[in-house]
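Letters A, B, ... mirror the listed sequences (proteins, then strands); counts begin at 1.
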Protein chains: 2
Amino acid sequence: MHAERWETTLGRVLELTVLLGRDMADSLAREGLTESRAHLLWRLQQRGPCTQRTLATDMHITPRAITALVDGLVATGFVTREPHPSDRRATLVTFTERGRATAHGLLDSYHRLARQLFADLPDDTFDGFDAGLLHVITRLRDVVAAKTTE
Amino acid sequence: MHAERWETTLGRVLELTVLLGRDMADSLAREGLTESRAHLLWRLQQRGPCTQRTLATDMHITPRAITALVDGLVATGFVTREPHPSDRRATLVTFTERGRATAHGLLDSYHRLARQLFADLPDDTFDGFDAGLLHVITRLRDVVAAKTTE
DNA sequence: TATTGTTATACTCTATAACTATA
DNA sequence: TATAGTTATAGAGTATAACAATA
């Protein structure tokens with residue numbers, strides 16, 4: 001195995017991230033969403049109504065950033081701020097009908113994309129791809145962990 | 001092949017992009033760079049000194065955004081604006097010594113990362129991963145092209 | 001008239017710090 | 001005293017539009 005092949009392949013990984021990022025940003029823009037706001041809707045769908053603090057911890061961004069994202073999503077009609085039943089400091093971020101429908105649409109798009117990318121891939125190639133992905137993700141976690149320790 | 005596997009694997013692809021993005025942003029911050037500014041340095045290294053217009057076309061962002069990025073890179077000492085020898089409207093964005101050294105450093109980091117991710121991957125797994133990547137990138141280009149045509 | 005890069009203006013994402021209301 | 005969310009302030013990236021200098 002030669003280093004040139006590794007570098008070519010890493011180049012492909014980077015190209016994939018760029019293409020995927022552009023495609024997702026484009027699709028989201030058609031729904032009136034940005035990547036950050038869609039991320040919030042995604043988390044909200046998985047957790048159900050929750051406090052902004054929960055979302056901040058979940059999404060690894062500050063409470064201030066959540067306030068800004070929720071402001072935008074409220075203004076565009078995807079979510080509402082509801083009072084927390086037992087803690088009057090907190091708010092429960094909650095889907096509007098439109099928000100719920102949009103989140104379902106995002107899930108559909110995700111399924112459709114998975115099919116488009118993988119449906120016509122031979123089984124053994126798919127397996128190799130998946131195995132390689134797992135390996136690379138593990139390595140990457142090690143790299144990140146090593147840096148954090150430094 | 002079941003749809004669930006496609007979705008799990010797409011999830012891994014997304015996780016990879018997130019991890020890679022975080023790792024790169026962290027490394028760049030240590031050099032006093034952002035991803036956008038590093039992208040500009042990367043293109044500059046591949047093309048040599050060039051006009052802002054060229055960079056704008058190259059990086060798929062507006063001339064205004066290039067002005068902002070170059071302003072930042074000039075202020076932090078990575079590049080200078082030099083007069084264009086034959087067109088007095090244009091400027092040639094050019095590396096400083098520090099800029100050139102940093103760009104070389106980025107290239108080194110790239111090589112090192114490729115080695116860290118792939119060096120201990122069995123040859124056949126690597127081949128499967130690479131083949132899958134190629135396929136997925138091709139599919140993704142089709143998807144993007146289909147949307148643009150719409 | 002077309003092009004290069006700028007200024008003017010605006011929106012989004014994010015961060016830190018100070019503050020209010022509540023626990 | 002600690003926590004939830006806000007306001008204040010700041011910096012980065014990007015976009016469109018109007019403009020100056022030059023081609």
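With sequence neighbours excluded, the residues satisfying side-chain contact (heavy atoms from CB on, under 4.5 Å) with B:D124 are B:P122. A:A131 meets the side-chain contact (heavy atoms from CB on, under 4.5 Å) test with B:T125; sequence neighbours excluded. Residues meeting the salt bridge (Lys or Arg N to Asp or Glu O under 4.0 Å) test with B:R98, sequence neighbours left out: none. Residues satisfying the side-chain contact (heavy atoms from CB on, under 4.5 Å) criterion with A:R89, sequence neighbours excluded, are A:D87. Taking the side-chain contact (heavy atoms from CB on, under 4.5 Å) definition, one finds that B:R141 meets it with A:E15, A:L19, B:I137, sequence neighbours left out. In this view, B:D23 and A:K147 satisfy the salt bridge (Lys or Arg N to Asp or Glu O under 4.0 Å) rule, not counting sequence neighbours.
Each salt bridge (charged side-chain N to carboxylate O under 4.0 Å, His left out) pair with one or both residues in residues 105-116 of chain B, not counting sequence neighbours, would appear here, but there are none.
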If you look only at distance, which donor and acceptor atoms sit under 3.5 Å apart when one is on a side chain in residues 37-45 of chain B and the other is two or more places apart or in another chain?
{"unit_1": "B:R43", "atom_1": "NE", "unit_2": "B:D58", "atom_2": "OD2", "d": "2.4"}
{"unit_1": "B:R43", "atom_1": "NH1", "unit_2": "B:Q46", "atom_2": "OE1", "d": "2.6"}
{"unit_1": "B:R43", "atom_1": "NH2", "unit_2": "B:D58", "atom_2": "OD2", "d": "2.9"}

Would you tabulate the pairs of protein nitrogen or oxygen atoms and nucleotide nitrogen or oxygen atoms of nucleotides 21-23 of chain D closer than 3.5 angstrom?
{"unit_1": "D:dA23", "atom_1": "OP1", "unit_2": "B:R88", "atom_2": "N", "d": "2.9"}

Listed pairs, N/O of protein and of nucleotides 10-16 of chain C, under 3.5 Å:
{"unit_1": "C:dC13", "atom_1": "OP1", "unit_2": "A:T34", "atom_2": "OG1", "d": "2.1"}
{"unit_1": "C:dC13", "atom_1": "OP2", "unit_2": "A:R37", "atom_2": "NE", "d": "3.3"}
{"unit_1": "C:dC13", "atom_1": "O3'", "unit_2": "A:S36", "atom_2": "OG", "d": "3.2"}
{"unit_1": "C:dT14", "atom_1": "OP2", "unit_2": "A:S36", "atom_2": "OG", "d": "3.4"}
{"unit_1": "C:dA15", "atom_1": "OP2", "unit_2": "A:T62", "atom_2": "N", "d": "2.9"}
{"unit_1": "C:dA15", "atom_1": "OP2", "unit_2": "A:T62", "atom_2": "OG1", "d": "3.1"}

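Residues A:R5 and B:D123 are not paired through a salt bridge, judged by the lack of any N-O separation under 4.0 Å between the basic side chain and the carboxylate.
Going from atom NE2 of B:H39 over to atom C1' of D:dG13 covers 14 Å, rounded to whole Å.
If you check residues 41-53 of chain A against DNA chain D, the residues with a heavy atom closer than 4.0 Å are A:T51, A:Q52, A:R53, listed by number. Contacts between residues 71-82 of chain B and DNA chain C, defined by a heavy-atom separation under 4.0 Å, are made by B:R81.
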